[in-house]
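Report on one structure; see the data block that follows.
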Amino acid sequence: MRERIAFQANVPVTVALAYADGLQVEGRFGDQIMYTLADERVMYVPLLVRTKLVELGIQPREPFTICKAERKEGNRRFIEWQVNKETSSDERPPSETPPVNGKTNGHDTSKPSNGHSAASHLERALAASIDAAIAAEQYAATKGFSVRFGSEDLRAMALSLFIQHAREGGLR
Amino acid sequence: MTAAAVDTTLGELLSPSQVNTFLSCPAKWYFRYALGLVEPPTGTLALGTAFHSVLAANFRQKIETKQDLPTQELEESFGEAFAIAAEDAELREDEEPAALIETGRALVRRYMADAAASIQPQAVELPVEGVIAGVRVHGIVDLLDVAGRIVDFKTAARRPAGITPEYRLQLTTYSMITPGASGPCRLDTVTKTRTAELIQQNCEIGPEERRYAETLYPMAQEAMRDGIYPPRRGSHLCSRRYCGYWRECEREFGGRVDE
(Lines give C-alpha, C1' and ligand atoms only; values in the text may rest on other atoms or scores of the structure.)
Protein backbone atom coordinates (compact mmCIF):
# COMPACT_ATOMS: atom_id res chain seq x y z
CA MET A 1 0.00 0.00 0.00
CA ARG A 2 1.29 3.45 -0.88
CA GLU A 3 2.30 5.71 1.95
CA ARG A 4 -0.30 8.35 2.61
CA ILE A 5 0.68 11.88 3.56
CA ALA A 6 -0.76 12.86 6.92
CA PHE A 7 -1.14 16.61 6.86
CA GLN A 8 -0.38 18.16 10.21
CA ALA A 9 -1.93 21.48 10.94
CA ASN A 10 0.29 24.44 10.03
CA VAL A 11 3.12 22.25 8.72
CA PRO A 12 3.82 22.85 5.02
CA VAL A 13 4.66 19.80 2.93
CA THR A 14 6.51 19.97 -0.37
CA VAL A 15 5.25 17.52 -2.96
CA ALA A 16 5.06 16.99 -6.71
CA LEU A 17 2.24 15.33 -8.60
CA ALA A 18 2.85 12.23 -10.64
CA TYR A 19 -0.07 13.02 -12.92
CA ALA A 20 -1.87 16.20 -13.88
CA ASP A 21 -5.06 15.31 -12.03
CA GLY A 22 -6.23 13.16 -9.16
CA LEU A 23 -9.12 10.83 -8.60
CA GLN A 24 -12.25 11.84 -6.73
CA VAL A 25 -12.91 9.37 -3.92
CA GLU A 26 -15.16 9.24 -0.92
CA GLY A 27 -13.23 9.59 2.30
CA ARG A 28 -14.32 9.19 5.89
CA PHE A 29 -15.34 12.80 6.08
CA GLY A 30 -16.62 13.43 2.58
CA ASP A 31 -15.48 13.66 -1.00
CA GLN A 32 -11.76 14.06 -1.53
CA ILE A 33 -9.25 14.03 -4.34
CA MET A 34 -6.58 11.37 -4.21
CA TYR A 35 -3.37 12.42 -5.93
CA THR A 36 -0.53 10.08 -6.73
CA LEU A 37 2.74 11.86 -6.07
CA ALA A 38 6.01 11.72 -7.94
CA ASP A 39 7.67 9.94 -4.99
CA GLU A 40 5.03 7.16 -5.06
CA ARG A 41 3.17 8.45 -2.04
CA VAL A 42 -0.47 9.54 -2.19
CA MET A 43 -2.27 12.49 -0.69
CA TYR A 44 -5.96 13.03 -0.03
CA VAL A 45 -7.14 16.61 -0.11
CA PRO A 46 -10.48 18.42 -0.26
CA LEU A 47 -11.90 19.30 -3.64
CA LEU A 48 -11.02 22.96 -3.13
CA VAL A 49 -7.32 22.08 -3.27
CA ARG A 50 -7.74 20.75 -6.78
CA THR A 51 -9.21 24.10 -7.78
CA LYS A 52 -6.16 25.85 -6.34
CA LEU A 53 -3.75 23.51 -8.13
CA VAL A 54 -5.50 24.25 -11.40
CA GLU A 55 -5.44 28.00 -10.69
CA LEU A 56 -1.69 27.88 -10.12
CA GLY A 57 -1.16 25.73 -13.18
CA ILE A 58 0.73 23.06 -11.25
CA GLN A 59 2.20 20.54 -13.65
CA PRO A 60 3.24 16.92 -13.04
CA ARG A 61 6.63 16.66 -11.26
CA GLU A 62 6.57 20.37 -10.47
CA PRO A 63 7.27 20.86 -6.75
CA PHE A 64 4.80 22.87 -4.72
CA THR A 65 4.06 23.36 -1.06
CA ILE A 66 0.74 22.54 0.50
CA CYS A 67 -0.27 23.47 4.01
CA LYS A 68 -3.37 22.70 6.04
CA ALA A 69 -3.33 25.86 8.10
CA GLU A 70 -5.37 26.83 11.09
CA ARG A 71 -6.77 30.33 10.66
CA LYS A 72 -8.20 32.31 13.53
CA GLU A 73 -10.47 35.31 13.34
CA GLY A 74 -11.40 36.38 16.84
CA ASN A 75 -12.98 33.36 18.47
CA ARG A 76 -13.60 31.63 15.19
CA ARG A 77 -11.31 28.99 13.82
CA PHE A 78 -11.11 27.86 10.24
CA ILE A 79 -9.11 25.38 8.25
CA GLU A 80 -7.41 26.98 5.28
CA TRP A 81 -5.60 25.04 2.59
CA GLN A 82 -2.66 26.98 1.20
CA VAL A 83 -0.89 25.98 -1.98
CA ASN A 84 2.40 27.66 -2.89
CA LYS A 85 3.98 27.20 -6.22
CA GLU A 86 7.68 26.84 -5.60
CA THR A 87 9.97 29.15 -7.50
CA SER A 88 11.95 26.91 -9.77
CA SER A 89 15.68 27.34 -10.03
CA ASP A 90 15.24 28.75 -13.54
CA GLU A 91 12.95 31.46 -12.21
CA ARG A 92 15.02 32.40 -9.17
CA PRO A 93 17.04 35.59 -9.19
CA PRO A 94 20.62 34.82 -10.20
CA SER A 95 21.94 36.00 -6.83
CA GLU A 96 20.06 33.16 -5.08
CA THR A 97 21.45 30.47 -7.31
CA PRO A 98 24.78 29.04 -6.22
CA PRO A 99 27.32 29.31 -8.96
CA VAL A 100 28.77 26.07 -10.23
CA ASN A 101 32.11 26.28 -12.03
CA GLY A 102 31.57 29.90 -12.76
CA LYS A 103 28.14 29.25 -14.25
CA THR A 104 24.64 29.76 -12.93
CA ASN A 105 21.84 27.69 -14.39
CA GLY A 106 24.00 27.08 -17.36
CA HIS A 107 24.37 30.79 -18.10
CA ASP A 108 27.71 32.47 -18.21
CA THR A 109 28.20 34.60 -15.08
CA SER A 110 31.00 36.58 -16.58
CA LYS A 111 28.44 39.21 -17.51
CA PRO A 112 29.37 42.46 -15.77
CA SER A 113 27.16 43.48 -12.86
CA ASN A 114 26.28 46.76 -14.43
CA GLY A 115 24.85 44.78 -17.35
CA HIS A 116 21.67 44.14 -15.37
CA SER A 117 18.90 46.50 -16.21
CA ALA A 118 16.81 48.29 -13.61
CA ALA A 119 13.90 46.13 -14.75
CA SER A 120 15.69 42.90 -13.87
CA HIS A 121 16.59 44.29 -10.43
CA LEU A 122 12.99 45.20 -9.91
CA GLU A 123 11.93 41.71 -10.97
CA ARG A 124 14.31 40.21 -8.46
CA ALA A 125 13.07 42.52 -5.72
CA LEU A 126 9.48 41.53 -6.46
CA ALA A 127 10.35 37.82 -6.46
CA ALA A 128 12.25 38.19 -3.20
CA SER A 129 9.37 40.02 -1.55
CA ILE A 130 6.92 37.30 -2.65
CA ASP A 131 9.20 34.60 -1.23
CA ALA A 132 9.57 36.54 2.00
CA ALA A 133 5.80 37.06 2.24
CA ILE A 134 5.08 33.35 1.75
CA ALA A 135 7.67 32.40 4.35
CA ALA A 136 6.27 34.96 6.81
CA GLU A 137 2.69 33.75 6.27
CA GLN A 138 3.70 30.16 6.90
CA TYR A 139 5.68 31.09 9.98
CA ALA A 140 2.78 33.14 11.31
CA ALA A 141 0.44 30.19 10.77
CA THR A 142 2.66 27.98 12.91
CA LYS A 143 2.29 30.57 15.69
CA GLY A 144 -1.45 30.73 15.36
CA PHE A 145 -1.58 34.06 13.55
CA SER A 146 -3.35 34.70 10.31
CA VAL A 147 -1.19 36.96 8.17
CA ARG A 148 -1.95 37.59 4.51
CA PHE A 149 0.06 39.84 2.25
CA GLY A 150 -1.64 41.59 -0.59
CA SER A 151 -0.28 43.03 -3.81
CA GLU A 152 0.15 46.47 -2.19
CA ASP A 153 2.29 44.94 0.58
CA LEU A 154 4.37 43.10 -1.99
CA ARG A 155 4.80 46.30 -4.03
CA ALA A 156 5.97 48.21 -0.95
CA MET A 157 8.44 45.51 0.07
CA ALA A 158 9.81 45.17 -3.45
CA LEU A 159 10.27 48.94 -3.80
CA SER A 160 12.11 49.08 -0.47
CA LEU A 161 14.48 46.37 -1.65
CA PHE A 162 14.90 48.04 -5.01
CA ILE A 163 15.66 51.46 -3.49
CA GLN A 164 18.07 49.93 -0.99
CA HIS A 165 19.83 48.15 -3.81
CA ALA A 166 20.06 51.39 -5.79
CA ARG A 167 21.48 53.27 -2.76
CA GLU A 168 24.15 50.64 -2.44
CA GLY A 169 25.20 51.39 -5.97
CA GLY A 170 23.63 48.35 -7.53
CA LEU A 171 22.21 50.33 -10.44
CA ARG A 172 25.31 52.28 -11.38
CA MET B 1 2.56 32.24 -6.09
CA THR B 2 0.09 31.32 -3.40
CA ALA B 3 -3.50 30.20 -3.55
CA ALA B 4 -5.49 29.66 -0.38
CA ALA B 5 -9.06 28.76 0.45
CA VAL B 6 -10.99 28.14 3.63
CA ASP B 7 -12.37 24.62 3.86
CA THR B 8 -16.11 25.14 3.88
CA THR B 9 -16.85 21.44 3.66
CA LEU B 10 -16.28 20.57 7.33
CA GLY B 11 -18.95 18.16 8.47
CA GLU B 12 -19.87 17.30 4.91
CA LEU B 13 -20.20 13.62 5.76
CA LEU B 14 -21.23 13.00 9.35
CA SER B 15 -21.47 9.93 11.54
CA PRO B 16 -23.29 9.49 14.83
CA SER B 17 -19.98 9.32 16.67
CA GLN B 18 -18.80 12.56 15.04
CA VAL B 19 -21.96 14.36 16.07
CA ASN B 20 -21.84 12.89 19.56
CA THR B 21 -18.25 14.06 19.91
CA PHE B 22 -19.25 17.54 18.80
CA LEU B 23 -22.15 17.68 21.24
CA SER B 24 -20.05 16.44 24.14
CA CYS B 25 -17.17 18.85 23.41
CA PRO B 26 -16.86 21.06 20.32
CA ALA B 27 -13.16 21.63 21.06
CA LYS B 28 -12.51 17.90 21.03
CA TRP B 29 -14.35 17.64 17.71
CA TYR B 30 -12.18 20.43 16.32
CA PHE B 31 -8.95 18.75 17.39
CA ARG B 32 -9.98 15.37 16.03
CA TYR B 33 -12.03 16.05 12.92
CA ALA B 34 -10.97 19.52 11.73
CA LEU B 35 -7.28 19.55 12.63
CA GLY B 36 -6.98 15.78 12.26
CA LEU B 37 -4.96 15.32 15.43
CA VAL B 38 -4.68 11.66 16.30
CA GLU B 39 -5.73 10.56 19.75
CA PRO B 40 -3.86 7.36 20.58
CA PRO B 41 -6.28 4.62 21.66
CA THR B 42 -6.19 3.49 25.26
CA GLY B 43 -6.05 -0.15 26.31
CA THR B 44 -9.78 -0.03 27.06
CA LEU B 45 -10.52 1.17 23.55
CA ALA B 46 -8.29 -1.52 22.09
CA LEU B 47 -10.20 -4.09 24.12
CA GLY B 48 -13.49 -2.87 22.68
CA THR B 49 -12.09 -2.92 19.14
CA ALA B 50 -10.80 -6.46 19.57
CA PHE B 51 -14.13 -7.59 21.04
CA HIS B 52 -15.97 -6.24 17.99
CA SER B 53 -13.45 -7.84 15.68
CA VAL B 54 -13.82 -11.31 17.23
CA LEU B 55 -17.62 -11.20 17.21
CA ALA B 56 -17.58 -9.96 13.61
CA ALA B 57 -15.37 -12.87 12.59
CA ASN B 58 -17.83 -15.32 14.12
CA PHE B 59 -20.96 -13.77 12.67
CA ARG B 60 -19.48 -13.14 9.25
CA GLN B 61 -18.92 -16.83 8.68
CA LYS B 62 -22.27 -17.62 10.30
CA ILE B 63 -24.12 -15.87 7.44
CA GLU B 64 -23.27 -18.90 5.31
CA THR B 65 -22.64 -21.72 7.77
CA LYS B 66 -25.50 -20.89 10.19
CA GLN B 67 -23.14 -22.15 12.90
CA ASP B 68 -21.12 -20.31 15.54
CA LEU B 69 -17.40 -20.94 15.76
CA PRO B 70 -16.22 -22.78 18.87
CA THR B 71 -15.97 -20.37 21.80
CA GLN B 72 -12.49 -21.61 22.67
CA GLU B 73 -11.27 -20.71 19.19
CA LEU B 74 -12.75 -17.22 19.43
CA GLU B 75 -11.27 -16.67 22.88
CA GLU B 76 -7.85 -17.56 21.54
CA SER B 77 -8.25 -15.25 18.57
CA PHE B 78 -9.04 -12.41 20.98
CA GLY B 79 -5.36 -12.21 21.96
CA GLU B 80 -4.31 -11.66 18.36
CA ALA B 81 -7.09 -9.16 17.74
CA PHE B 82 -6.08 -7.25 20.86
CA ALA B 83 -2.42 -7.18 19.81
CA ILE B 84 -3.42 -5.61 16.49
CA ALA B 85 -5.80 -3.12 18.09
CA ALA B 86 -3.30 -2.16 20.78
CA GLU B 87 -0.41 -1.67 18.37
CA ASP B 88 -0.64 2.13 18.51
CA ALA B 89 -2.30 2.31 21.91
CA GLU B 90 -1.02 4.25 24.88
CA LEU B 91 -1.88 2.13 27.88
CA ARG B 92 -2.82 4.01 31.02
CA GLU B 93 -0.97 3.27 34.24
CA ASP B 94 -3.78 1.04 35.46
CA GLU B 95 -4.04 -0.91 32.20
CA GLU B 96 -2.19 -4.18 32.08
CA PRO B 97 -2.21 -5.98 28.69
CA ALA B 98 -2.49 -9.48 30.16
CA ALA B 99 -5.39 -8.43 32.36
CA LEU B 100 -7.11 -6.70 29.44
CA ILE B 101 -6.77 -9.83 27.32
CA GLU B 102 -8.18 -11.96 30.13
CA THR B 103 -11.10 -9.57 30.50
CA GLY B 104 -11.69 -9.61 26.75
CA ARG B 105 -11.74 -13.38 26.66
CA ALA B 106 -14.32 -13.40 29.43
CA LEU B 107 -16.49 -10.94 27.49
CA VAL B 108 -16.33 -13.11 24.38
CA ARG B 109 -17.16 -16.19 26.46
CA ARG B 110 -20.18 -14.45 28.00
CA TYR B 111 -21.50 -13.20 24.68
CA MET B 112 -21.12 -16.54 22.97
CA ALA B 113 -22.84 -18.33 25.86
CA ASP B 114 -25.76 -15.93 26.27
CA ALA B 115 -26.48 -14.32 22.92
CA ALA B 116 -24.72 -15.73 19.87
CA ALA B 117 -26.86 -18.81 19.35
CA SER B 118 -30.04 -16.77 18.98
CA ILE B 119 -28.59 -14.49 16.30
CA GLN B 120 -28.71 -15.27 12.59
CA PRO B 121 -27.02 -12.40 10.74
CA GLN B 122 -27.72 -11.22 7.23
CA ALA B 123 -24.89 -8.66 7.31
CA VAL B 124 -21.94 -7.91 9.61
CA GLU B 125 -19.99 -4.65 9.96
CA LEU B 126 -22.17 -3.24 7.25
CA PRO B 127 -21.10 0.18 5.90
CA VAL B 128 -24.19 2.31 5.44
CA GLU B 129 -24.74 5.79 4.08
CA GLY B 130 -27.77 7.94 3.56
CA VAL B 131 -29.14 11.45 3.85
CA ILE B 132 -30.89 12.74 6.94
CA ALA B 133 -32.55 16.14 6.61
CA GLY B 134 -30.22 17.06 3.78
CA VAL B 135 -27.03 15.94 5.53
CA ARG B 136 -24.98 13.00 4.30
CA VAL B 137 -24.55 10.51 7.12
CA HIS B 138 -22.64 7.26 7.25
CA GLY B 139 -21.66 4.60 9.72
CA ILE B 140 -20.95 0.93 10.21
CA VAL B 141 -23.69 -1.31 11.55
CA ASP B 142 -22.29 -4.05 13.78
CA LEU B 143 -24.91 -6.57 12.76
CA LEU B 144 -28.18 -6.73 10.85
CA ASP B 145 -30.07 -9.92 11.55
CA VAL B 146 -32.31 -11.81 9.14
CA ALA B 147 -35.38 -10.16 10.68
CA GLY B 148 -34.02 -6.70 9.85
CA ARG B 149 -33.08 -5.87 13.44
CA ILE B 150 -29.99 -3.79 14.04
CA VAL B 151 -27.76 -5.15 16.80
CA ASP B 152 -24.94 -3.05 18.23
CA PHE B 153 -22.23 -4.51 20.47
CA LYS B 154 -20.85 -2.58 23.40
CA THR B 155 -18.51 -3.17 26.28
CA ALA B 156 -18.98 -1.18 29.46
CA ALA B 157 -17.38 -0.87 32.87
CA ARG B 158 -20.70 -1.29 34.60
CA ARG B 159 -24.30 -2.22 33.97
CA PRO B 160 -26.02 0.53 31.93
CA ALA B 161 -29.09 2.14 33.46
CA GLY B 162 -30.69 2.65 30.06
CA ILE B 163 -29.89 3.51 26.49
CA THR B 164 -28.00 6.79 26.58
CA PRO B 165 -28.99 9.62 24.19
CA GLU B 166 -25.71 9.05 22.34
CA TYR B 167 -26.46 5.38 21.65
CA ARG B 168 -30.07 6.20 20.86
CA LEU B 169 -28.92 8.66 18.19
CA GLN B 170 -26.62 6.01 16.78
CA LEU B 171 -29.35 3.39 16.60
CA THR B 172 -31.83 5.90 15.17
CA THR B 173 -29.35 6.90 12.50
CA TYR B 174 -28.61 3.35 11.51
CA SER B 175 -32.28 2.51 11.48
CA MET B 176 -32.91 5.43 9.10
CA ILE B 177 -30.11 4.75 6.62
CA THR B 178 -29.75 0.95 6.63
CA PRO B 179 -31.46 -0.75 3.71
CA GLY B 180 -33.47 -3.69 5.03
CA ALA B 181 -33.70 -2.40 8.60
CA SER B 182 -37.22 -3.07 9.82
CA GLY B 183 -37.31 -0.77 12.86
CA PRO B 184 -36.38 -2.71 15.99
CA CYS B 185 -32.85 -2.26 17.35
CA ARG B 186 -30.96 -3.87 20.18
CA LEU B 187 -27.98 -2.77 22.18
CA ASP B 188 -26.00 -5.73 23.50
CA THR B 189 -23.71 -4.59 26.31
CA VAL B 190 -21.26 -6.91 28.03
CA THR B 191 -19.95 -5.55 31.31
CA LYS B 192 -16.35 -5.73 32.40
CA THR B 193 -17.42 -6.45 35.94
CA ARG B 194 -15.88 -9.19 38.07
CA THR B 195 -18.32 -11.58 36.43
CA ALA B 196 -19.03 -10.49 32.88
CA GLU B 197 -22.71 -9.86 32.34
CA LEU B 198 -24.75 -9.44 29.15
CA ILE B 199 -27.47 -6.78 29.10
CA GLN B 200 -29.72 -6.64 26.05
CA GLN B 201 -31.75 -3.46 25.59
CA ASN B 202 -34.38 -3.35 22.88
CA CYS B 203 -35.76 -0.22 21.36
CA GLU B 204 -38.08 0.70 18.56
CA ILE B 205 -37.24 3.79 16.55
CA GLY B 206 -40.32 5.96 16.29
CA PRO B 207 -41.22 9.33 14.74
CA GLU B 208 -39.87 11.30 17.73
CA GLU B 209 -36.45 9.65 17.54
CA ARG B 210 -36.36 10.32 13.81
CA ARG B 211 -37.37 13.94 14.33
CA TYR B 212 -34.53 14.35 16.82
CA ALA B 213 -32.02 13.01 14.29
CA GLU B 214 -33.49 15.22 11.56
CA THR B 215 -33.08 18.23 13.83
CA LEU B 216 -29.66 17.39 15.11
CA TYR B 217 -27.66 16.57 11.98
CA PRO B 218 -28.21 19.86 10.12
CA MET B 219 -27.85 21.80 13.36
CA ALA B 220 -24.55 20.11 14.18
CA GLN B 221 -23.27 20.60 10.64
CA GLU B 222 -24.06 24.30 10.73
CA ALA B 223 -22.40 24.69 14.12
CA MET B 224 -19.29 22.82 12.93
CA ARG B 225 -18.93 25.27 10.06
CA ASP B 226 -19.51 28.27 12.26
CA GLY B 227 -15.97 28.10 13.61
CA ILE B 228 -16.63 28.37 17.34
CA TYR B 229 -15.49 25.37 19.35
CA PRO B 230 -15.66 25.97 23.11
CA PRO B 231 -14.19 23.31 25.39
CA ARG B 232 -16.73 21.68 27.70
CA ARG B 233 -14.69 21.62 30.86
CA GLY B 234 -17.79 20.86 32.92
CA SER B 235 -18.48 17.59 31.15
CA HIS B 236 -17.91 14.38 33.12
CA LEU B 237 -15.84 13.19 30.14
CA CYS B 238 -13.50 16.19 30.36
CA SER B 239 -10.44 14.82 32.09
CA ARG B 240 -6.85 13.96 31.35
CA ARG B 241 -7.84 10.34 31.78
CA TYR B 242 -10.62 10.30 29.21
CA CYS B 243 -9.52 12.88 26.67
CA GLY B 244 -6.33 12.52 24.65
CA TYR B 245 -6.45 16.18 23.63
CA TRP B 246 -6.12 17.71 27.08
CA ARG B 247 -2.66 19.11 26.33
CA GLU B 248 -3.85 20.84 23.15
CA CYS B 249 -6.94 22.02 25.00
CA GLU B 250 -4.95 23.66 27.80
CA ARG B 251 -2.51 25.17 25.32
CA GLU B 252 -5.27 26.55 23.12
CA PHE B 253 -7.78 27.74 25.67
CA GLY B 254 -5.85 28.08 28.91
CA GLY B 255 -7.14 26.88 32.25
CA ARG B 256 -6.67 23.33 33.41
CA VAL B 257 -8.15 19.96 32.51
CA ASP B 258 -8.68 17.91 35.64
CA GLU B 259 -6.99 14.57 36.20
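Just so we're on the same page: letters track the sequence lines, and every chain starts at 1. Quantities reported herein were computed from a predicted structural model and do not represent experimental measurements.
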Residues 230-245 of chain B: residues contacting chain A (heavy atom under 4.5 Å, by number): none

Counting only heavy atoms not in Met34(A), do more than 12 sit closer than 6.0 Å to its CE atom? yes

Rounding to 0.5 Å, atoms CD (Glu80(A)) and OG1 (Thr8(B)) come to a distance of 12.0 Å

Determine the option with the most heavy-atom pairs under 4.5 angstrom with chain A, choosing from Gly11(B), Ala34(B), Ser15(B). Ala34(B)

If I compare all heavy atoms of Asp31(A) with all of Glu12(B), which pair ends up nearest, and what's the gap? N-OE1, 3.4 Å

Is Glu129(B) atom CD crowded by more than 12 heavy atoms from other residues, nucleotides or ligands, each under 6.0 Å away? yes

Write out, in numerical order, the residues from residues 35-51 of chain B with a heavy atom short of 4.5 Å from a heavy atom in chain A. Leu35(B), Gly36(B)

Could you grab the distance from atom CZ of Phe78(A) to atom CG of Asp226(B), nearest 0.5 Å is fine? 7.5 Å

Show the nearest heavy-atom pair for residues Arg77(A) and Tyr229(B), with the distance to one decimal. O-CE1, 3.7 Å

Name, in order of residue number, those residues of residues 252-259 of chain B that have a heavy atom at a distance of less than 4.5 Å from a heavy atom in chain A; otherwise write 'none'. Glu252(B), Phe253(B)

For chain A, find its close neighbours in residues 132-140 of chain B: heavy-atom separation under 4.5 Å, sorted by number, or none. Arg136(B), His138(B)

Nearest-0.5 Å distance that lies between atom CG in Asn84(A) and atom OG1 in Thr2(B): 3.5 Å

Is the shortest side-chain heavy-atom distance between Glu26(A) and Leu13(B) below 4.5 Å? yes

Could you walk me through whether Leu48(A) and Asp7(B) pass the side-chain contact (heavy atoms from CB on, under 4.5 Å) check? CA-CA 7 Å; Leu48(A) 61 93; Asp7(B) 190 349; 3.8 Å; yes

May I ask you to check whether over 12 heavy atoms, not counting those of Gln8(A), lie within 6.0 Å of atom CD? no

Run the numbers on Phe29(A) and Gln18(B) for side-chain contact (heavy atoms from CB on, under 4.5 Å), then give the verdict. CA-CA 10 Å; Phe29(A) 308 125; Gln18(B) 199 180 149; 3.8 Å; yes

